[in-house]
Structure formats: C-alpha cells, structure tokens
Number of protein chains: 2
Amino acid sequence: MTAEVTHPLRSDARDNRARILDAARTVFGEEGLGAPMREVARRAGVGPATLYRHFPAKRDLLTETFAEQRRVCRTAVREALADPDPWHGFRTVIEQICELHAHSRGFADAFMAAFPEVMDFAADREQSLRAVAELARRAREAGRLRPDFVVDDLVLVLMAHRGLQDTPRDARVAASRRYAAYVIEAFRAPGAVTPLPPAARLAGALTRTTQR
Amino acid sequence: MTAEVTHPLRSDARDNRARILDAARTVFGEEGLGAPMREVARRAGVGPATLYRHFPAKRDLLTETFAEQRRVCRTAVREALADPDPWHGFRTVIEQICELHAHSRGFADAFMAAFPEVMDFAADREQSLRAVAELARRAREAGRLRPDFVVDDLVLVLMAHRGLQDTPRDARVAASRRYAAYVIEAFRAPGAVTPLPPAARLAGALTRTTQR
DNA sequence: GCTCAAACGGACGCGGGCGTCCGTTACGGT
DNA sequence: ACCGTAACGGACGCCCGCGTCCGTTTGAGC
C-alpha cells in the first residue's frame, strides 16, 4: 500500500502498476523471492526505473504482491478455528498452508521469512501458530492428535516444506499434497488410518533444480 | 582428487592444502554451498589465488571437501542393507542421512544437488535409493512399512529436509532428529507406536534465518 | 648461503543484481 | 491543437562473488 492518496495516478501509470503486480505474482510465485527485479520489469514490459518508482524497494513490491495470499491464509486459519471438528480443522489448515506455499514459492519464502528483513509476515505466522495451538489442544483432547505434538512441530514441518520449493511447479503441487498427507499421518494419534494422495515422481526433479 | 601424482607438493603447499580443506569443511558445512570461496580462503589464512591453484574451480574444492561424508553415507547404506531387520535398517538409513545433512549444510546441498552442475552425487543418490527400495520391499513384506509407500516418498522427505537447513546449527540437529522421527512415524505401517525424540524449539529461528 | 623453481597473494577483469539520474515521451486539462 | 507535468526507460554507479595475472616470497637441493 504505497500512499497514493496524494494524486490519483495517471491512466498509463495505473496500468503499468497493475501489470507490474501481475508480473510480480508470476515471477516471484514461480522463482521465489530471489528472482531479480529486472525480470519482473521485463515481464511487465516496463523499464526498471518505472518499477522502482512504483515500488521504491523490493520489499514494497513483495508486500503488495502477496497481500492477497496473506488474506487467504488468514481466512483459512479463521475458518479452521471455527470448525466444530478440531482435528478436521487442524488437518485442513496444514493442507491449505502447504497448498498456498506450493502455488507460490515467493509467498512460501516470505511466510517462512527467507528474507527476514523484508517484511513482517511474523504477524501472520503468530496468528496461525496461535490458532493451531488452540486447534491442537482441542484435537488432542478429542484423541485425534498424538499427545506428544507441540506447536513447534508445525513450524518444523512447514520449514521443511520449503525444501520442496526448488522443483517445477506441477511436481511441486503434487509433492506438496503428498507431503501434507504424510505430515498429517505423522501427527495423527495412533489408531485410525486414511489413504494418502497419489505419490509424486521426484527422482527426475533432483538433477534439474535451481540453486537456492 | 586433483592429480598430484606429478610432483610431491612442497611442504608449505601441502600444509595450505590441508588448511584449505579444513576451512572448507567448516565454512561449507555451516553456510552451505553458497558460501563464497573468499570466506574459505580467509579462514584458511591464504590468498584467493592459492585456493584456486589447489582447486581450479569451486566444484573441485567441494568434491574433495565432501569425499569423507560420501564415504560415510555409502557405508551407512551398505550396513542398513545388511541389517537382518529391514524395518530397522530402513529407519536407520533415514536417521543417518538426516543426521549427516544436519551436520553439514554443504553436504546436504550437494547430496540433494542444490547445485546440479557442481558434481555427481547422483551416483550416491542412486545407490541409496536402490538400497532403500530393497529395504522398503522387505520391510513392507514384514508388515512394518505402510503398503502405499513408494521410493519417491523418500526423495520427497529428503528434499523437504533441506528446508531445515537455514537454521543455527544446534537447533538444526535437534530439529533434524525430530523430523526424521516424524518421517519414520509417517512411513510406519499402522499399528505400533514409539515415542518421538524431544521437540525442537524453532519459533525463534524463523526471524533469524539466512537467505538462500 | 645461494640459486631457482614452486608457491604465494594482492590486484584485476568480468558478470549480475540493486537502486538512481536525467533526457525523452505522452497523458490530460484547456 | 497546445502546453505543462506526470510518467517513462536507457544508462549509470555500486557492491559482491568467481576466477586470473604477475610481481614477490620462500622452500629445498647443492
């Protein structure tokens, strides 16, 4: 939200701004926060200077770019918290966060603070963690969640989830789903079982991966 | 293995070479493959040119640096394969790989081919995967491994394990152990349970993480 | 202790990413 | 149609990492 209360942007400027945000969603979503600003500019069909005029620093662009996903994430958490079945809510919130992260590497990076100084997704994380803590309490009492689960375990598996990011998008989404299922399986109180989603083929992805 | 069959290095050269490899193990182990060569040189107390004379390119240094870990890894896999209890072997190999990766970010990066062009840990991976496939077959037949497990699931969880790398070393090792335990828990055929290792505190690690 | 080649390391060139400057373009109000 | 200004974008400076060059140092054989 870069303050444009001052003057209602000129038409071409508004246009470019929109195209930049579109490009940013695509580029950062696909390549992660490491993607160069120039790439966004190129894809938006504008010069670097234009991009930097609209978003003085990379962090500004990122904040704006992922505002939508942040909202989706908050909503998911709120709804999960309202779920009468705490175990279902718990599972759902894990699945949804993983899904969001799989669909946008950039959002995953930002949410997990790969660039800590960049922005304060800390608030979102805090909220999610508190919600999960509450869900976990209830799910454990309901006997569905394993008793030795602690909230840090969610952080653990979400941090680990980032390891799946360096993978082509299609494989990534499938991998993410199966991963989430395994995580839920691991967190489940011993007893009941449910089938996993289909396996993801990843052996090929290993040799063709990006750096960071 | 840079061919020094030609001339038996001068004493200071041999000394420097050893110090460089020491420094490389520390630096790459702690900071991952992304660590600058200069950092290794500084830590070894030599100039960049000296470093590059001993190891013409970064990949050469890396190959040499992680030769030891590769050997450990191969041994672990071989022993696991020889274990009369396939489920125990299966669990052990997962724990050992995770442990190795947790103790050396660089080795983890290399093993998971974060820099694909860098070197051919592909062979090690292939070997490990074949071994695990065999262990899995036996463990499944013994009814200890869940029937819907596929070998790609091991790739999946090991790729995910890389997500734990951007963490201070102490937390990383603890996190890695708990992660491995959860993974084994998830892979276990429904039925028996075993206690997890202690939880790792990670919430703090989120805000203080390195890029990559 | 002298000599000579092996080994060293500071300084350099190159590429790439971030953010900025300034001359040029084009919107939009009259 | 015309003008003023917002908006544009190519070119620039800066930093940092990789790998190299060349003048200097130093080990080791005599």
Side-chain angles (χ1 to χ4, degrees), chain A residues 2-21 23-24 27-28 31-65 106 109 114-115 117-119 210-212, chain B residues 2-21 23-24 27-28 30-65 106 109 114-119 210-212:
Chain A
T2 39
E4 72 260 12
V5 261
T6 47
H7 293 309
L9 290 174
R10 222 167 71 178
S11 69
D12 54 345
R14 254 171 33 86
D15 222 53
N16 277 336
R17 186 187 163 86
R19 295 229 305 289
I20 288 172
L21 280 172
V27 171
F28 291 131
E31 305 182 26
L33 301 195
M37 291 290 267
R38 308 310 240 253
E39 179 67 22
V40 176
R42 264 190 298 275
R43 193 170 188 100
V46 303
T50 299
L51 192 159
Y52 280 104
R53 192 168 327 99
H54 284 287
F55 305 95
K58 197 169 184 176
R59 42 166 306 159
D60 301 312
L61 176 56
L62 292 173
T63 309
E64 196 79 359
T65 301
D109 286 353
F115 291 63
E117 71 285 26
V118 162
M119 74 205 80
T210 63
Q211 171 205 342
R212 267 269 109 167
Chain B
T2 41
E4 72 258 12
V5 260
T6 47
H7 292 310
L9 290 174
R10 222 168 68 180
S11 70
D12 55 345
R14 255 173 30 86
D15 221 53
N16 277 335
R17 186 188 165 85
R19 294 227 308 287
I20 288 172
L21 280 172
V27 171
F28 291 131
E30 203 51 46
E31 305 181 27
L33 300 195
M37 290 291 267
R38 307 311 239 253
E39 179 66 23
V40 176
R42 263 190 299 275
R43 195 172 187 97
V46 302
T50 299
L51 194 160
Y52 280 104
R53 191 168 328 98
H54 284 285
F55 306 95
K58 195 170 184 176
R59 44 165 306 159
D60 302 313
L61 176 55
L62 293 173
T63 309
E64 197 78 1
T65 301
D109 286 354
F115 291 62
E117 70 284 25
V118 162
M119 72 206 82
T210 63
Q211 168 204 341
R212 297 251 95 164

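Remember, predicted model here, so these are calculated numbers, not experimental data. Naming: A, B, ... by sequence-line order, numbering from 1 per chain.
- A straight line from CG of D60(B) to P of dC18(D) spans 14 Å, rounded to a whole angstrom.
- Residues E39(B) and G47(A) both approach DNA chain D. Their nearest nucleotides, taken by heavy-atom distance, put G47(A) toward the 5′ side.
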Would you check, one step at a time, whether the test side chain to side chain contact (heavy atoms under 4.5 Å, CB included) holds for F55(A) with L21(A)?
-> CA-CA 10 Å; F55(A) 305 95; L21(A) 280 172; 3.9 Å; yes
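- Rounding to whole angstrom units, CD1 of residue I20(A) and C1' of dG9(D) are separated by 12 Å.
- Across the protein-nucleic acid pair, L62(A) atom CG and dC18(C) atom C1' stand 13 Å apart, rounded to whole Å.
- Atom C1' of nucleotide dG9(C) and atom CE of M37(B) are separated by 15 Å, given to the nearest angstrom.
- For A57(B), the side-chain contact (heavy atoms from CB on, under 4.5 Å) partners are R59(B), D60(B), not counting sequence neighbours.
- From M37(A), atom CE reaches atom CG of L62(A) across 7.5 Å, with rounding to the nearest 0.5 Å.
- Whole-Å rounding puts the R19(B) CZ to dA7(C) P distance at 15 Å.
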Per-nucleotide protein contact along nucleotides 20-30 of chain C, 5' to 3', at a 4.0 Å heavy-atom cut-off (B base, S sugar-phosphate only, - neither), is BB-----BS--
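- Dashed line: the shortest gap from a side-chain N or O of N16(A) to OP1 or OP2 of dC8(D) is under 4.0 Å.
- A 6.0 Å sphere centred on CZ of R19(A) holds more than 12 heavy atoms belonging to other residues, nucleotides or ligands.
- Taking D15(A) as the reference, nothing meets the side-chain hydrogen bond (donor to acceptor under 3.5 Å, both in side chains) condition, with sequence neighbours excluded.
- Listed pair K58(A) / dG19(C) fails the phosphate criterion, with no side-chain N or O lying under 4.0 Å from OP1 or OP2.
- The side chain of T50(B) contributes no N or O atom lying less than 4.0 Å from OP1 or OP2 of dA7(C).
- Contact of the F28(B) side chain with the K58(B) side chain is registered, since non-hydrogen atoms from C-beta on lie closer than 4.5 Å.
- As rounded to whole Å, 18 Å separates atom C1' of dC8(C) from atom CZ of R14(B).
- Note that the CD atom of E39(A) and the CG atom of L51(A) stand 11.5 Å from one another [nearest 0.5 Å].
- In this model, the phosphate group of dC8(D) is approached by a side-chain N or O of H54(A) to a distance below 4.0 Å at OP1 or OP2.
- The nearest whole Å value for the distance from the CZ atom in R59(A) to the P atom in dG19(C) is 11 Å.
- Distance D15(B) CG to dA28(D) C1': 15 Å, rounded to the nearest Å.
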